[in-house]
Structure formats: C-alpha cells, structure tokens
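Reading through the structure tokens given below for one structure.
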Amino acid sequence: QKEVEQDPGPLSVPEGAIVSLNCTYSNSAFQYFMWYRQYSRKGPELLMYTYSSGNKEDGRFTAQVDKSSKYISLFIRDSQPSDSATYLCAIGAGGSYIPTFGRGTSLIVHP
Amino acid sequence: DSGVTQTPKHLITATGQRVTLRCSPRSGDLSVYWYQQSLDQGLQFLIQYYNGEERAKGNILERFSAQQFPDLHSELNLSSLELGDSALYFCASSTTGGETQYFGPGTRLLVL
C-alpha cells in the first residue's frame, strides 16, 4: 500500500459544477496537508496548506482534513474551464520538510 | 511565476551521456529540493540542500548527484543516462523551516 493514494482520474465535469478531489493516507504521523495544482507542462503550484482537521476555505477552494479517517479532500465550487489541471495532494510528517505526493488527479472542466 | 528558475527548459541527449540541470531558488530561500516526475512514478523526491549542505536524500540514484553553491543556486548532475531517466525534473525552494515549497517550471529531459 502506498503512503498516499490518489485516484488519477480523469474527472470530467461541466462548468459550474462542484468538484471533489480526494486522497487517503496510511501514516498516522502525517501532520500537514497541502494541495498543489499543476497545469500541463508546468510546475506544481501551491493552492492550500493546513495542519489541522476540519475545513479551510480560500475563495472557491475548500480543503478538508479528517485525521481520524486519514482522508483529505479539496472542493472546488463553481468550477471553471481554467481549473482544468492535475491536482496533487502532498502530505508530510511534523519535523520533515519532505512531503509525500499523491500521483495526482486530472480534472477537466468543459464549457 | 513562483520565482524559481530552471534551465534548460528542454534537453535531448543520448544514452550514456551526462547532463547538468540548473536551478535558482526564490530570493531569500535557503532550501532547494529536486524532484523527478514521470508518468508511472509521479512526483518523486530526489534530494534537498539547505544553505549549501545536503539535508535529506530520497530516491536518488548513485548516477545522480547535486550540489548547492554559495550563491544558493543548485545543480543536478545526471550521468550514464538511461532511457528510463527521461522525465520532468523539478526544482523547488522554501524558506527556513518551511514545508511550503515553490516549484520551478521544470526541465524536460528526453534520453534517446
């Protein structure tokens, strides 16, 4: 079992839909959680960063962490074609600055 | 634009050859990280440098080496290249004690 599991997709949704992207992890020592967005042929770009269980909101993006279930989610409201990209979760243990990345989920938002 | 620069953008070379990839971190960032991204392996951590010193090592092959110079730029050297080394190589940087990493645009390496 990989430390961080992420469905590669692709996930195809119509413009305006609410998107849910998810990762599961196995290591209870993981303490910080991040979501990166990567456009084709570009480097990953940090979207959200959180330490705690619960929700964190930033504009149309909400990151949700459930440490008891070892499950994290990224919700995108009112999705736009410009949101079409690969979304990678990244999870790390306290004291380590090297997160473990999921394989990424490809999202396609069609007009 | 993350502020991290990488050169070259593209590199095509032959098996057995040696190449050098270069990275300049964001202004003020002391840590540099190197990653390899391939379709079958995803984003794999290779090595981290902090202020010129090696800080952490990941899945880096013995044929690969890196260093960070006094001006904080870093180079990743790949030698005895194999077809399987074809991938995107990313550099990222972070501030002191920062888990948050900022990625460069990557170098696409193709080994023929």
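So you know, we letter chains A, B, ... as the sequences are listed, proteins then strands, and number each from 1.
- Hydrophobic clustering (ILVMFWY, side-chain heavy atoms < 4.5 Å, transitive): Phe64(B) and Leu88(B) are in distinct clusters.
- Leu109(B) and Ile47(B) end up in the same hydrophobic cluster when Ile, Leu, Val, Met, Phe, Trp and Tyr side chains are linked at under 4.5 Å.
- Side-chain heavy atoms closer than 4.5 Å link hydrophobic residues (I, L, V, M, F, W, Y) into clusters, and following such links, even through other members, never connects Leu72(B) to Leu76(B).
- In this structure, the separation between CD on Gln37(B) and OG1 on Thr86(A) is 8.0 Å, given to the nearest 0.5 Å.
- Side-chain contact between Gln101(B) and Met34(A) is absent, with no heavy atoms from C-beta onward closer than 4.5 Å.
- Separating the OH atom in Tyr35(B) from the CZ atom in Phe101(A) is a distance of 4.5 Å, to the nearest 0.5 Å.
- Taking both residues in full, the closest heavy atoms of Pro44(A) and Phe103(B) are given as O-CB, 3.3 Å, listed atom of the first, atom of the second, then distance.
- Looking at Gln6(A), there are no atoms closer than 4.5 Å to chain B (heavy atoms on both sides), in backbone or side chain.
- Tyr87(A) and Ile91(A) fall within a single hydrophobic cluster, where Ile, Leu, Val, Met, Phe, Trp and Tyr are joined by side-chain heavy atoms under 4.5 Å apart, directly or via other members.
- Within the model, atoms NE2 of His10(B) and CZ of Arg41(A) stand 7.0 Å from one another, a figure rounded to the nearest 0.5 Å.
- Residues Val4(B) and Leu47(A) fall into different hydrophobic clusters, defined by Ile, Leu, Val, Met, Phe, Trp and Tyr side chains chained together at heavy-atom separations under 4.5 Å.
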